[in-house]
Amino acid sequence: MEHREIFSDARWLSPKASLDAALFRAEIELESDAENAEITISGLGYFILYINGQRVGEDEFVPAYSDYHDRPDMCLEYPLNDIWSHRIYALKYDVKKYLNKGKNVIGIMVGGGMYHQNVRHSEGNVNYGEIKVCYKLCVNSEVFYSNRKSVKCSPGFFKKSNLYYGETLDFTGFDRKWNTLEGELADGEEPLEITAPKTEYYIQNCPTDKVIETLKPELVKDFGDYSVYRIEKNISGYPVVRCDKAGETIVMECAENLYDDLTLNNMSVGYNTQRQIEIITTDGGELFHPYFCWFGFRYFTLTNNAKPVEVRVIHADVDVTSDFECSDETLNWYYKTFVNTQLSNMHGGVTSDCPHRERLGYTGDGQLTCNAVMTELAAESFYRKWIADIWDCQDKSTGHVQHTAPFAGGGGGPAGWGGAIINVPYHYFRHYGNRDELEAMFPSMEKFVEYMESRCEDGLIVREEKDGWCLGDWCAPEKIQIPEPLVNTTLFITQLKNLIYCAKALGKPYDRYEKLIADHSEAVNRKYFDPSTGDFLNDIQGANSFAVDCGLGDERTVKNIIRKYGEKTEFDTGIFGTELVLRVLYNAGAGDLATSLLANKGEVSFEHMRQAGATTLWENWNGEASHSHPMFGASTEFLFEEILGIKQADTSVRYDKVVISPVFAECLRYAKGKITTPHGEISVSWKKENGKIKVGITLCEGINAVFCHKGQKNNLSAGTNEFTI
């Protein structure tokens with residue numbers, strides 16, 4: 001929509017000086033009680049709305065993060081000539097209960113968020129501009145618009161505010177009733193009226209961030225001037241502290257780890273240079289916390305002139321709609337830890353790589369984990385929004401897809417990252433069956449194929465943008481040795497198969513894509529396949545699995561994979577290869593090996609993370625970087641699809657047709673769990689007793705399901721179904 005369709009005659013307002021955050025105050029007069037009242041508002045990067053001193057709603061970090069509008073001077077470390085689309089979100093609130101007859105005060109805090117990002121320049125200038133706000137308030141038959149004559153603006157208590165680095169707040173002499181009739185903005189001045197950003201405007205319909213739970217901090221050590229505290233798990237959010245004395249300066253800092261001497265270790269959140277610090281000068285008798293930044297942390301320091309009250313866990317308000325438990329503690333930990341990691345990385349309708357150092361919507365991480373997330377969480381509206389971000393960040397001429405969506409720099413590769421424009425809509429369609437949305441995305445999916453064909457030599461994908469990134473697999477336990485062309489071409493073949501699935505569902509032609517699959521397959525075989533052994537590059541870092549997953553290799557290739565990992569018993573793969581090795585093993589009927597590999601207790605394992613005390617998944621197998629990266633959690637999908645055996649039939653969407661065929665792995669005594677489909681819940685349990693296996697399957701109405709075991713099929717009915725094998 002255009003600006004006027006949402007905001008009519010409202011004006012965007014910005015402080016006269018460049019500020020990280022500011023307060024805006026307006027007074028309105030109502031001739032009668034509000035019978036109906038609605039405000040449409042957006043503040044960039046984030047806003048908090050008050051009316052007569054009461055906070056409106058419980059949303060945090062709104063509006064949703066997006067590629068807001070064009071930025072002409074990004075000065076990136078690599079060339080970027082793409083042209084893509086943009087959008088800004090606004091929110092609507094029913095505010096009848098906050099308004100009174102007579103005078104009323106509208107108070108708005110606005111902070112920079114990802115919009116006004118003028119501090120972090122890791123890959124260039126990603127700043128969109130100065131903070132700003134716009135609103136339209138409709139009360140009965142009256143309309144009140146933001147404009148410079150009716151609004152006052154002040155920096156208030158904000159001295160510094162940055163999403164990545166934290167805030168400096170000074171409440172000395174500040175009137176905390178600034179947003180009520182009894183208070184004022186003493187230093188308030190008329191703001192600037194600025195031109196509305198040139199972009200598309202939308203009302204936000206994805207989940208907002210909220211305070212999801214609160215945790216009690218525990219003292220680790222008192223160092224005299226300050227103390228170190230911890231909470232039970234690594235999270236995204238912030239501490240809330242108390243100091244009853246005025247004029248005190250409180251300093252708190254958040255991190256994921258401690259050194260052996262129990263001091264804060266910042267390496268994983270910003271390499272000791274980008275630090276999550278909040279500095280607050282007090283006015284006495286109040287609770288203090290950040291306003292426009294969350295932190296990724298489990299530990300924090302706090303000067304001893306203040307005491308911690310609680311830690312607020314904040315992320316997108318997305319329900320966990322699954323459960324899993326089995327006899328292996330590694331797998332139980334893996335499921336719970338992935339869910340915690342993923343939720344910590346869901347903010348503003350964007351699935352991020354980490355909640356601290358980068359906080360970016362990497363298309364590689366996001367497309368890799370999307371099937372698991374859609375299986376385990378109520379993520380439909382969340383991914384609908386993120387798919388729009390991916391679409392925005394595709395070059396409208398060439399079809400190139402950025403490595404982050406919304407775009408904010410970041411490295412990646414052509415298939416593992418850019419392929420999100422095929423894989424995420426594909427999985428979204430399989431899970432939710434939204435045909436209209438798939439139809440809208442399909443031309444962009446095809447455009448991406450055109451782009452990838454232009455990146456080839458001899459049928460292999462060998463480059464992306466000139467002088468830019470072109471990664472293959474990522475974060476293997478040893479230096480990456482598997483060639484990027486092998487990774488990108490095999491991943492692309494699988495993406496073409498997903499595109500054909502979508503084309504068939506939409507009744508569109510797909511012959512061209514079948515020919516492309518044949519051509520690329522021939523090229524991979526010609527370059528990398530050894531006909532004397534059946535291997536692709538001696539199966540370096542899962543090379544055989546990349547090939548087999550897209551339909552290449554022969555019986556020897558699969559046997560070689562089974563032999564290798566049967567002997568190795570732990571992973572040697574990166575973020576893509578790990579999932580593919582497991583997928584190929586399960587598909588080959590080697591479910592015992594796949595499950596034992598997933599639960600392995602070696603050095604390169606999820607158990608290694610668990611033994612180290614991790615409560616979120618690490619970026620690297622050895623834990624040397626971020627400790628809250630979801631990407632290695634993609635394989636939690638196998639807990640449900642293989643160990644519980646809940647799969648859709650090949651032609652099914654929305655779980656209309658389900659095949660339940662659990663892997664009764666030798667290393668497990670029992671497994672149980674559930675997922676929630678658009679129809680309702682499916683739960684499966686099985687337990688080995690006295691040489692037999694007792695299986696229980698509970699289905700909601702509306703699902704056509706069968707239970708399969710060793711070639712035999714049993715039709716299932718709604719309600720509880722029980723079998724003894």
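Index from 1, following the sequence.
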*Asks:* Can you find a pair of side-chain heavy atoms, one from Asp283 and one from Thr172, that are under 4.5 Å apart?
*Replies:*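 Counting from C-beta outward, Asp283 and Thr172 never come under 4.5 Å.
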*Asks:* If only side-chain N and O atoms count, and only distance matters, is there a donor-acceptor pair under 3.5 Å linking Asn147 with Glu193?
*Replies:*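 No, Asn147 and Glu193 have no side-chain donor paired with an acceptor closer than 3.5 Å.
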*Asks:* Verify whether one side chain among Asp187 and Ser154 offers a donor that lies under 3.5 Å from an acceptor in the other.
*Replies:*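 Yes.
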*Asks:* Carefully, step by step, assess Arg298 and Glu256 under the rule salt bridge (Lys or Arg N to Asp or Glu O under 4.0 Å).
*Replies:* CA-CA 5 Å; Arg298 189 179 184 184; Glu256 294 181 312; over 6 Å; no
*Asks:* By the definition side-chain hydrogen bond (donor to acceptor under 3.5 Å, both in side chains), identify the one residue from Arg120, His116, Gln117, Gln274 that meets it with Asn162.
*Replies:*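 One option only clears the test, and that one is Gln117.
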*Asks:* Check whether more than 12 heavy atoms from other residues, nucleotides or ligands sit under 6.0 Å from atom NZ of Lys16, and answer yes or no.
*Replies:*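 Atom NZ in Lys16 is packed in, count exceeds 12.
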*Asks:* Determine, for Asp392 against Arg87, whether the closest basic-nitrogen to carboxylate-oxygen distance falls under 4.0 angstrom.
*Replies:*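 Answer for the salt bridge query: yes.
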*Asks:* Any side-chain heavy atom of Val311 within less than 4.5 Å of one from Phe297?
*Replies:*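 Result yes, sub-4.5 Å side-chain heavy-atom pair found.
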*Asks:* Between Lys160 and Tyr165, is any side-chain donor less than 3.5 angstrom from a side-chain acceptor?
*Replies:*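 No donor-acceptor contact under 3.5 Å links the two side chains.
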*Asks:* Scan side-chain atoms only and decide if Lys101 and Ser32 contain a donor-acceptor pair under the 3.5 Å cut-off.
*Replies:*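 Ser32 and Lys101 do not have a side-chain donor-acceptor pair below 3.5 Å.
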*Asks:* For the pair Phe158 and Phe292, evaluate ring pair (Phe, Tyr, Trp, His ring centres under 6.0 Å) and give the outcome as yes or no after the intermediate values.
*Replies:* CA-CA 10 Å; Phe158 289 99; Phe292 293 117; 5.7 Å; yes
*Asks:* Less than 3.5 Å apart, any donor N or O on the side chain of Thr301 or Glu253 sitting next to an acceptor on the other?
*Replies:*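 Checked: Thr301/Glu253 side chains show no N/O donor-acceptor pair below 3.5 Å.
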*Asks:* Heavy-atom distance under 4.5 Å between the side chains of Glu60 and Thr208, does that happen here?
*Replies:*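 Side chain of Glu60 against side chain of Thr208, heavy atoms only: no contact under 4.5 Å found.
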*Asks:* Look at Lys159 together with Glu278 and state whether they make a salt bridge at an N to O cut-off of under 4.0 Å.
*Replies:*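 Here Lys159 does not pair with Glu278 in a salt bridge, since their nearest N and O are not under 4.0 Å apart.
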*Asks:* Could you tell me whether Glu218 and Arg230 have a side-chain N and a carboxylate O separated by less than 4.0 Å?
*Replies:*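 Here Glu218 pairs with Arg230 in a salt bridge, since their nearest N and O are under 4.0 Å apart.
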*Asks:* Check step by step if ring pair (Phe, Tyr, Trp, His ring centres under 6.0 Å) holds for Phe295 and Phe300.
*Replies:* CA-CA 10 Å; Phe295 303 130; Phe300 65 97; 9.9 Å; no
*Asks:* Tell me if the CD atom of Glu2 is crowded by more than 12 foreign heavy atoms within 6.0 Å.
*Replies:*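 12 or below, so no.
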*Asks:* Hey, does Leu44 have a side-chain heavy atom less than 4.5 Å from the side chain of Val110?
*Replies:*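 The answer is no, as the side chains (C-beta and beyond) never meet within the 4.5 Å cut-off.
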*Asks:* Does a donor on one side chain and an acceptor on the other come within less than 3.5 Å for Arg71 and Tyr128?
*Replies:*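 There is such a pair between these side chains.
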*Asks:* Verify side-chain contact (heavy atoms from CB on, under 4.5 Å) between Thr168 and Asp170, making sure each step is shown before the conclusion.
*Replies:* CA-CA 7 Å; Thr168 300; Asp170 188 349; 6.0 Å; no
*Asks:* Do Thr351 and Trp386 have a side chain donor and acceptor closer than 3.5 Å?
*Replies:*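 No, because no side-chain N or O of Thr351 sits under 3.5 Å from a partner of the opposite role on Trp386.
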*Asks:* So, are Lys152 and Glu27 salt-bridged, with charged N and O less than 4.0 Å apart?
*Replies:*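 Answer for the salt bridge query: no.
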*Asks:* Can you tell me if Ser161 and Glu167 form a side-chain donor-acceptor pair at under 3.5 Å?
*Replies:*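 Short answer, yes.
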*Asks:* Are there over 12 heavy-atom neighbours, none belonging to Glu5, within less than 6.0 Å of that residue's CD?
*Replies:*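 Yes, because the 6.0 Å sphere around CD of Glu5 holds more than 12 heavy atoms from other groups.
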*Asks:* If every non-hydrogen atom of Ala34 is compared with every non-hydrogen atom of Val139, which pair is closest and at what distance?
*Replies:*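 Closest approach of Ala34 to Val139, heavy atoms only: CB-CG1, 3.8 Å.
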*Asks:* Please check if atom CG in Asp9 has more than 12 non-hydrogen atoms from other residues, nucleotides or ligands closer than 6.0 Å.
*Replies:*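 More than 12 within 6.0 Å, yes.
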*Asks:* Heavy-atom count around Leu287 CG within 6.0 Å, excluding the residue itself: above 12?
*Replies:*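 Correct, the count exceeds 12.
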*Asks:* If you count every heavy atom of other residues, nucleotides or ligands that lies below 6.0 Å from Lys103 atom NZ, does the total exceed 12?
*Replies:*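 Count not over threshold, so no.
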*Asks:* For the residue pair Trp294 and His315, confirm or rule out a side-chain donor-acceptor distance under 3.5 Å.
*Replies:*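 Checked: Trp294/His315 side chains show no N/O donor-acceptor pair below 3.5 Å.
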*Asks:* Will you find, in the side chains of Tyr93 and Asp59, an N or O donor that is under 3.5 Å from an N or O acceptor?
*Replies:*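 Side-chain D/A pair, Tyr93 to Asp59: present.
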*Asks:* Regarding His347 and Ser236, do their side chains bring together a donor and an acceptor under 3.5 Å, going by distance alone?
*Replies:*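 Distance-only check passes for His347 and Ser236.
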*Asks:* Examine the side chains of Asn140 and Glu31 and answer whether a donor and an acceptor come within less than 3.5 Å of each other.
*Replies:*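 Asn140 vs Glu31: no donor-acceptor pair found between side chains.
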*Asks:* Taking side-chain hydrogen bond (donor to acceptor under 3.5 Å, both in side chains) as the cut-off, I'd like each qualifying pair that reaches into residues 304-314, sequence neighbours left out, listed once.
*Replies:*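 Every pair satisfying side-chain hydrogen bond (donor to acceptor under 3.5 Å, both in side chains) with a residue in residues 304-314: Asp222-Asn304, Ser227-Asn304, Glu248-Asn305, Thr303-Asn305, Glu310-Arg312.
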*Asks:* Do Lys96 and Glu35 come within less than 4.5 Å of each other through their side chains, counting heavy atoms only?
*Replies:*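 No, every pair of side-chain atoms sits at 4.5 Å or beyond.
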*Asks:* If we ignore angles and hydrogens, is there a donor and acceptor under 3.5 Å between the side chains of Trp84 and Asp67?
*Replies:*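 Yes.
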*Asks:* Quiz question: by atom type and distance under 3.5 Å, do the side chains of Thr180 and Glu182 form a donor-acceptor pair?
*Replies:*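 The criterion, which ignores hydrogens and geometry beyond distance, is satisfied for Glu182 and Thr180.
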*Asks:* In sequence, state the C-alpha distance, the side-chain angles, and the governing distance for Phe61 and Ile314, and then conclude on side-chain contact (heavy atoms from CB on, under 4.5 Å).
*Replies:* CA-CA 10 Å; Phe61 308 116; Ile314 301 175; 3.7 Å; yes
*Asks:* Do Asn52 and Asn104 have a side chain donor and acceptor closer than 3.5 Å?
*Replies:*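 There is such a pair between these side chains.
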*Asks:* Using the ring pair (Phe, Tyr, Trp, His ring centres under 6.0 Å) rule, take Tyr291 and His289 through it: C-alpha gap first, then chi angles, then the decisive distance, then the call.
*Replies:* CA-CA 7 Å; Tyr291 287 87; His289 58 79; 4.8 Å; yes
